[in-house]
*Asks:* 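One structure, pasted below without further comment.
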There are 2 protein chains.
Amino acid sequence: MKNLRERDESPRKVPTHEITYCRLRDMILFGQLAPGQPVTIQGLTTMLDAGMTPVREAIRKLTAEGALELQGNRRVSVPQLTASQLDEIAFARLTIEPKLAHMAAKRLETKDINELAQIDADIDQAIAAGDVQRYLLGNYRFHVTLYERADAPILLSMVHSLWLRFGPSLRVVCGRYGTSNLPDRHGEALAAMRAGDAEALSRALKEDIEQGIDQVRLSLAA
Amino acid sequence: MKNLRERDESPRKVPTHEITYCRLRDMILFGQLAPGQPVTIQGLTTMLDAGMTPVREAIRKLTAEGALELQGNRRVSVPQLTASQLDEIAFARLTIEPKLAHMAAKRLETKDINELAQIDADIDQAIAAGDVQRYLLGNYRFHVTLYERADAPILLSMVHSLWLRFGPSLRVVCGRYGTSNLPDRHGEALAAMRAGDAEALSRALKEDIEQGIDQVRLSLAA
DNA sequence: GTCAACCAAATTTGATCAAATTATTCACGC
DNA sequence: GCGTGAATAATTTGATCAAATTTGGTTGAC
């Protein structure tokens, strides 16, 4: 009985700072906050409709994850990647993500593969429609859903942090060049999953990641 | 003139939450907080002699880095590693740290190598004297000092997080079995640095890390 | 054994103080 | 006389704290 909550006003179960963190993170990953654009803490309190402490805590967490940086003294912003930082991310992603895919391969059940196929279908639709937002969200979900099956929380959190650093730049690329030329090795990946071929799966992921990073690298040079 | 601060009471330059974060982090890395031991936020406010907000922010940051975990509901604690989590850390460390060593190799100057030799000498003294605290601090400084020369902030922050996860367990091992049997491939590493051999350096680091992890793995089985 | 009241701890808000940025004004030079 | 630059004042923002609210756990009574 104590779990039932009748009041519409406060169906609180998760703390505000958690909600604030998620909302701010999604803003960084999928859009509204462009790299370099400076934001004040108080601006975020009104933007996210939360008190000062929860916003503050969300910022600390995201700063630790590399999704935000404390710019000089007074403002925070989404970091703008340099070429050498992109190389670091490339190395880390190409090492860890194929490993997670490999680990996940053995544990994947038919249900999981169907779910991933569903997500992939949605991605194809988004690409065809030129819907950047939906492509980014689908791509993120595809990778994370797969990696979660590896049951490796530490590596997963590292990947999570890498996506927070990489996501904003990918978004900029999509916004500039549209959804064509974007990585779509998901078909190969799904085939490897169905065949239970861990090696092939991790190879497909590696190529998918390389393609995405090359895209950003090109855009960075310009 | 405005930068001069006469008042003894408040020589504030770095914010409290920064200081609190560092102090708490060092407590986790080098000692006082054992894995599994639950701590309350209020306990930390008195222990660290800081207000509630700074402590809260430090906890958020350390939680994001994996140094603390929100235990069920109500308390935080230093996570206790499972065997599979140790495998994850082993994979990540053995991938990233040799890479950083390799990157650093080309940039090392004589001054840096001398500094590292100095640290290594201090480690040897600590091992001979059985001084666990000093060994841990020296070992940490040796690795971090080397990696910093790679000029790769993202990979460095990932390593930083891995050490925060690994450190407490290493400490437990030292406390239980003393400072013998501990990794000391630093001599080989220094030789490789002097020879300018990046491959040999990264190999030495790899062996040093493997040795340390095996030590913890053994202790975990018991 | 279950329910309710109480207690302790976490969360959150609002207030206060300090610091920094911006705007305005005054002075000096061209 | 007009424009530029520096200095100071004002407003905005950040950091910290203390108090109030909420939540979860525990204990005692029925």
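Computed from heavy atoms alone, side chains included, the values below leave out hydrogens, waters and symmetry copies. A note on names: the letters A, B, ... follow the listed sequences, proteins ahead of strands, and every chain is numbered from 1. Computed from a prediction, not measured in an experiment: that's the story for all the values here.
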*Asks:* Any heavy-atom pair between the side chains of M103(A) and P98(A) that's under 4.5 Å?
*Replies:*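 When only atoms from C-beta onward are counted, M103(A) and P98(A) do not touch, as no gap falls below 4.5 Å.
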*Asks:* I need the residues from residues 37-48 of chain A with at least one non-hydrogen atom less than 4.0 Å from DNA chain D; give them sorted by number, or say none.
*Replies:*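 Residues of residues 37-48 of chain A that come under 4.0 Å of DNA chain D are, in numerical order, T40(A), I41(A), Q42(A).
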*Asks:* When the distance from NE2 of H17(A) to C1' of dT13(C) is rounded to whole Å, what number comes out?
*Replies:*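 About 14 Å, once rounded to whole Å.
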*Asks:* Looking at side-chain heavy atoms only, is the closest gap between I59(B) and V55(B) below 4.5 Å?
*Replies:*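 Yes - at least one pair of side-chain heavy atoms lies under 4.5 Å apart.
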*Asks:* Check the distance between dT16(D)'s C1' and E18(B)'s CD and give it to me in whole angstrom.
*Replies:*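 Distance check: E18(B) CD to dT16(D) C1' gives 15 Å.
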*Asks:* Taking atom types as modelled, find out whether R60(B) and H17(A) have a side-chain donor-acceptor pair closer than 3.5 angstrom.
*Replies:*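 A pair is found: one side chain offers a donor N or O, the other an acceptor, under 3.5 Å apart.
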*Asks:* Using whole Å, what does the distance between atom P of nucleotide dT16(C) and atom CE of M52(A) come to?
*Replies:*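 Rounded to whole Å, this separation is 14 Å.
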*Asks:* Round to a whole Å and report the spacing from CD of Q71(B) to C1' of dA9(C).
*Replies:*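 To the nearest whole Å, that distance equals 15 Å.
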*Asks:* Please give, in whole Å, the distance from dG24(D) P to L70(B) CG?
*Replies:*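 Roughly 14 Å, once rounded to whole Å.
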*Asks:* Please confirm whether the shortest side-chain N or O distance from T16(A) to OP1 or OP2 of dT12(C) is below 4.0 Å.
*Replies:*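 The answer is yes; a side-chain N or O of T16(A) sits under 4.0 Å from OP1 or OP2.
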*Asks:* Only one of L137(B), D131(B), N139(B) clears side chain to side chain contact (heavy atoms under 4.5 Å, CB included) with Y135(B); which?
*Replies:*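 Single pass found, and it is N139(B).
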*Asks:* Which ring pair (Phe, Tyr, Trp, His ring centres under 6.0 Å) pairs, counting each pair once, include a residue from residues 21-41 of chain A, with sequence neighbours left out?
*Replies:*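 Of all non-adjacent pairs touching residues 21-41 of chain A, those that pass ring pair (Phe, Tyr, Trp, His ring centres under 6.0 Å) are F30(A)-Y140(A).
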*Asks:* One thing to verify: whether D26(B) and R23(B) come together as a salt bridge, which I'm taking to mean a side-chain N less than 4.0 angstrom from a carboxylate O.
*Replies:*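 No.
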*Asks:* Would you please say whether a donor-acceptor pair under 3.5 Å links the side chains of S77(B) and Q71(B)?
*Replies:*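 Indeed, the side chains of S77(B) and Q71(B) share at least one donor-acceptor pair under 3.5 Å.
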*Asks:* Quick one, which residues of residues 55-66 of chain A touch DNA chain D with a heavy atom under 4.0 Å?
*Replies:*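 Per residue number, the list reads R56(A).
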*Asks:* Would you kindly say whether R56(A) and T20(A) are connected by a side-chain donor-acceptor distance under 3.5 Å?
*Replies:*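 Looking only at side-chain atoms, T20(A) and R56(A) do not form any donor-acceptor pair under 3.5 Å.
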